[in-house]
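Remember, it's a predicted structure, so these values are computed and weren't measured experimentally. Heads up: numbering here begins at 1 and tracks the sequence.
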Amino acid sequence: MRDHRVAPKAKPNTQIPIRGSARNAGPRPVIPDNFPISQVVDTIVTWYRGHARPLPWRRPGIDAYGVLVCEVMSQQTPIARVLPKWHTWMERWPTPAHLAHAPLADILTVWQGLGYPRRARNLQRAAQAIVEKHNGTVPCDPKELESLPGVGTYTAGAVAAFAYGERTPVIDTNVRRTLARLVGGVALPGAATRRIDRERAVAMLPAEAETAARWSAAIMEFGALVCTSRAPLCEDCPVAWTCRWLQAGAPAGAEAARPRQKWNGTDRQLRGRVMALLCDHAERGILSVSFDTVAQAALDSADDTRRAIRIVNSLAHDGLVCIDGDRVALPG
């Protein structure tokens, strides 16, 4: 679920097959033989030129570090919440070197509201590795990117494609869903990326690097705005005529009935409350809070001491808080 500018690079990656491989042979090909790949790619890339949102990390001059920050922030977080945080972050820490030497407490305070604060800690660790091992420049090779703390296959591919114009598959939920419908004829893909998702993405990838990178950005944006999860705009879809899912009558998949994960009262919610409490106090110059205050104000469970201890200890284990006696604080 990301939105990007694309920097051209005229160096094709010959490690990736242009249209599947021997694995695609047999009665169930990854892409149907009569599927108009080139026409679909051209149509969605053209759509992207006219409909791409003017997001700040698409502007000329935004480097790979800005794309990396966007990608990490956008994991399981709506773009509307990312936008103001990205601006604040880039103004405060415009390079990996700035971020590498920043106090973690400041980083966590700026991050507050995006959720999953381990991402912020890992982003700083990635910046430190970039400074120490890559002379302060975000690497362009996906394997080197994956060696950075907190950077997985998706994020590595996104930075390589969108910042450096590399020909590499970029597979997020939007891409998986759109290709599952277009070429697989199913409403929704599985909960996690599977082999079939990668094979579809690779088979659809154009041969020329710049076009491949632009296609990756376009199909992701298309999934975010048109081929959405719950209410796809099929009447506005420029490739509806060749969509295997529509041809099958748009059947609902088993995944569609999957209930949403409970949030209220979960440890994840309570961890977020603790972090919000500590960040609020830190912004007001209060560097530590008593354990009782944490349990009462953040957890609403002053009587549930064992759970409060578990929540705070889990945050300390993740390096997100420090415990000193009966005081709890953000890391220095």
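Distance alone, capped at 3.5 Å, is enough to place a donor-acceptor pair between the R167 side chain and the P206 backbone. When atom types are taken as modelled, the side chain of T293 and the backbone of V289 share no donor-acceptor pair closer than 3.5 angstrom. In this structure, the side chain of R81 engages the main chain of G113 through a donor-acceptor pair within 3.5 Å. Put simply, the side chain of R125 never gets that close to the backbone of G150: no donor and acceptor are under 3.5 Å apart. The main-chain N or O of A231 is found under 3.5 Å from a side-chain atom of T228 such that the two form a donor-acceptor pair. A donor-acceptor pair under 3.5 Å is absent between the side-chain atoms of D324 and the main chain of R327, judged by distance alone.
How far CZ of R58 is from CZ of R53: 6.5 Å, rounded to the nearest 0.5 Å.
Using a cutoff of 4.0 Å between basic side-chain nitrogens and carboxylate oxygens, E210 and R214 are not scored as salt-bridged. The pair R271-D267 fails the salt-bridge criterion, with no side-chain N (NZ, NE, NH1 or NH2) lying under 4.0 Å from an Asp/Glu carboxylate O.
Looking only at atom types and distance, the side chain of Y116 has no donor-acceptor partner in the side chain of Q75 under 3.5 Å away. A donor atom on one side chain and an acceptor atom on the other are found under 3.5 Å apart for T242 and R244. Neither side chain, H134 nor T137, offers a donor N or O lying under 3.5 Å from an acceptor on the other.
No more than 12 heavy atoms of other residues, nucleotides or ligands lie within 6.0 Å of NE2 in H101, so this atom counts as exposed by the packing criterion. In the displayed structure, R119 atom CZ is contacted under 6.0 Å by more than 12 heavy atoms of other residues, nucleotides or ligands. Taking a 6.0 Å sphere around CG of L287, one finds it holds 12 or fewer heavy atoms contributed by other residues, nucleotides or ligands.
When all heavy atoms are compared, the tightest approach of V110 to W93 is CG2-CH2, 3.6 Å. Between G319 and R121, the shortest heavy-atom distance links the atoms N-NH1, 4.0 Å. Taking both residues in full, the closest heavy atoms of A282 and T109 are given as CB-OG1, 4.3 Å, listed atom of the first, atom of the second, then distance. Shown here for T77 and L114, the closest heavy-atom pair between the two residues is OG1-O, 3.2 Å.
Taking the ring-ring contact (aromatic ring centres under 6.0 Å, His included) definition, one finds that W47 meets it with H51, F222, sequence neighbours left out.
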Item checked: Evaluation steps, side chain to side chain contact (heavy atoms under 4.5 Å, CB included), between W215 and M220 -> CA-CA 8 Å; W215 156 254; M220 194 175 297; over 6 Å; no
